[in-house]
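Worksheet for the structure shown next.
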Amino acid sequence: MVHGRALVQSSPASRQPLASQLHASAVRLPRNTEGAIAAMDRAEREWAAYPAPKRGEIVRQIGEAFRAKKDALGRLASSETGKTLPEGLGEVQEIIDICDYAVGLSRMINGQVIPSERADHVMLE
């Protein structure tokens with residue numbers, strides 16, 4: 001349960017309210033955060049247990065959902081950020097393109113191990 005005051009998101013162009021959400025209270029935040037992190041850890045392990053091609057299929061479906069709602073999402077992105085409609089549509093198209101790319105990668109076994117600046121850490125392609 002979330003407690004707190006509402007934050008209203010307004011259009012930068014018209015200053016009209018678009019949406020609102022509640023802030024978590026400072027008293028409940030640590031417990032909310034710990035629960036969210038624990039849920040994320042469980043979901044990450046579950047996701048990693050799926051074979052890569054099955055994860056790719058899920059990402060493909062996500063991309064298809066974005067395609068189906070591209071116009072509405074582009075309009076929302078435009079009104080929410082003050083961008084032009086073509087820019088808002090372009091933001092959504094970028095997500096679709098990333099999904100398409102990720103689907104292709106899910107069928108590739110090979111990859112690169114890229115050195116990291118951090119100790120005991122590598123980046124995987």
Side-chain angles (χ1 to χ4, degrees):
M1 189 158 149
V2 177
H3 300 280
R5 61 183 177 82
L7 169 70
V8 177
Q9 175 69 36
S10 299
S11 166
S14 68
R15 303 286 184 224
Q16 293 186 1
L18 297 172
S20 66
Q21 64 191 42
L22 294 177
H23 282 275
S25 71
V27 173
R28 296 185 55 101
L29 188 57
R31 193 168 84 198
N32 291 344
T33 303
E34 289 169 8
I37 291 170
M40 183 263 327
D41 284 339
R42 286 189 303 275
E44 182 181 28
R45 284 190 300 274
E46 184 178 323
W47 178 254
Y50 277 72
K54 288 187 179 190
R55 292 193 308 259
E57 173 57 20
I58 293 168
V59 172
R60 186 195 66 75
Q61 292 174 20
I62 292 168
E64 288 302 316
F66 273 93
R67 273 186 182 86
K69 303 282 186 182
K70 181 180 174 181
D71 188 61
L73 291 169
R75 290 180 185 285
L76 177 63
S78 174
S79 65
E80 180 176 77
T81 62
K83 293 182 177 186
T84 65
L85 180 57
E87 289 173 321
L89 293 169
E91 294 287 338
V92 179
Q93 185 61 51
E94 188 171 349
I95 294 167
I96 294 167
D97 293 344
I98 290 169
C99 287
D100 289 346
Y101 180 69
V103 170
L105 289 178
S106 74
R107 292 287 180 171
M108 296 182 184
I109 296 173
N110 62 338
Q112 292 183 351
V113 177
I114 304 163
S116 172
E117 297 293 325
R118 295 182 0 212
D120 300 320
H121 182 262
V122 294
M123 295 178 287
L124 304 175
E125 180 182 59

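Scope of the values below: all heavy atoms of this structure, side chains included, with no hydrogens, waters or symmetry mates.
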Would you say [Y] ends up clustered with [X] if hydrophobic residues are merged whenever their side chains have heavy atoms under 4.5 Å apart, either directly or through other cluster members?
| X | Y | value |
| --- | --- | --- |
| W47 | V103 | yes |
| L124 | L105 | no |
| L76 | L89 | no |

(message) Using modelled atom types and a 3.5 Å cut-off, is there a donor and acceptor pairing between side-chain atoms of R55 and backbone atoms of Y50?
(response)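 Present.
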(message) Whether the side chain of S78 engages the backbone of K83 through a donor-acceptor N/O pair (distance < 3.5 Å, no angle test) should be reported.
(response)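 Judged by distance alone, yes, a pair lies under 3.5 Å.
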(request) Drop me the distance from L73's CG to Q93's CD, to the nearest 0.5 angstrom. (result)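 These two atoms lie 12.0 Å from each other.
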(request) Quick one: pull up CD in E117 and CE in M123 and give me the separation to the nearest 0.5 Å. (result) 8.0 Å
Specify the closest pair of heavy atoms between [X] and [Y], including all atoms of both residues, with the distance to one decimal.
| X | Y | result |
| --- | --- | --- |
| T81 | P12 | C-CG, 3.4 Å |
| K70 | I96 | CD-CD1, 4.3 Å |
| I62 | C99 | CG2-SG, 4.2 Å |

(request) Look at atom CD of E64 and say whether more than 12 heavy atoms of other residues, nucleotides or ligands are closer to it than 6.0 Å. (result) yes
(request) May I ask you to say whether D71 pairs ionically with R75, meaning some side-chain N is under 4.0 Å from a carboxylate O? (result) yes
(message) Could you check whether K54 pairs with E57 (Lys NZ or Arg NE/NH1/NH2 to Asp/Glu carboxylate O, under 4.0 Å)?
(response) no
(request) Compare all side-chain heavy atoms of V59 with those of S106 and state whether any distance is below 4.5 angstrom. (result) no
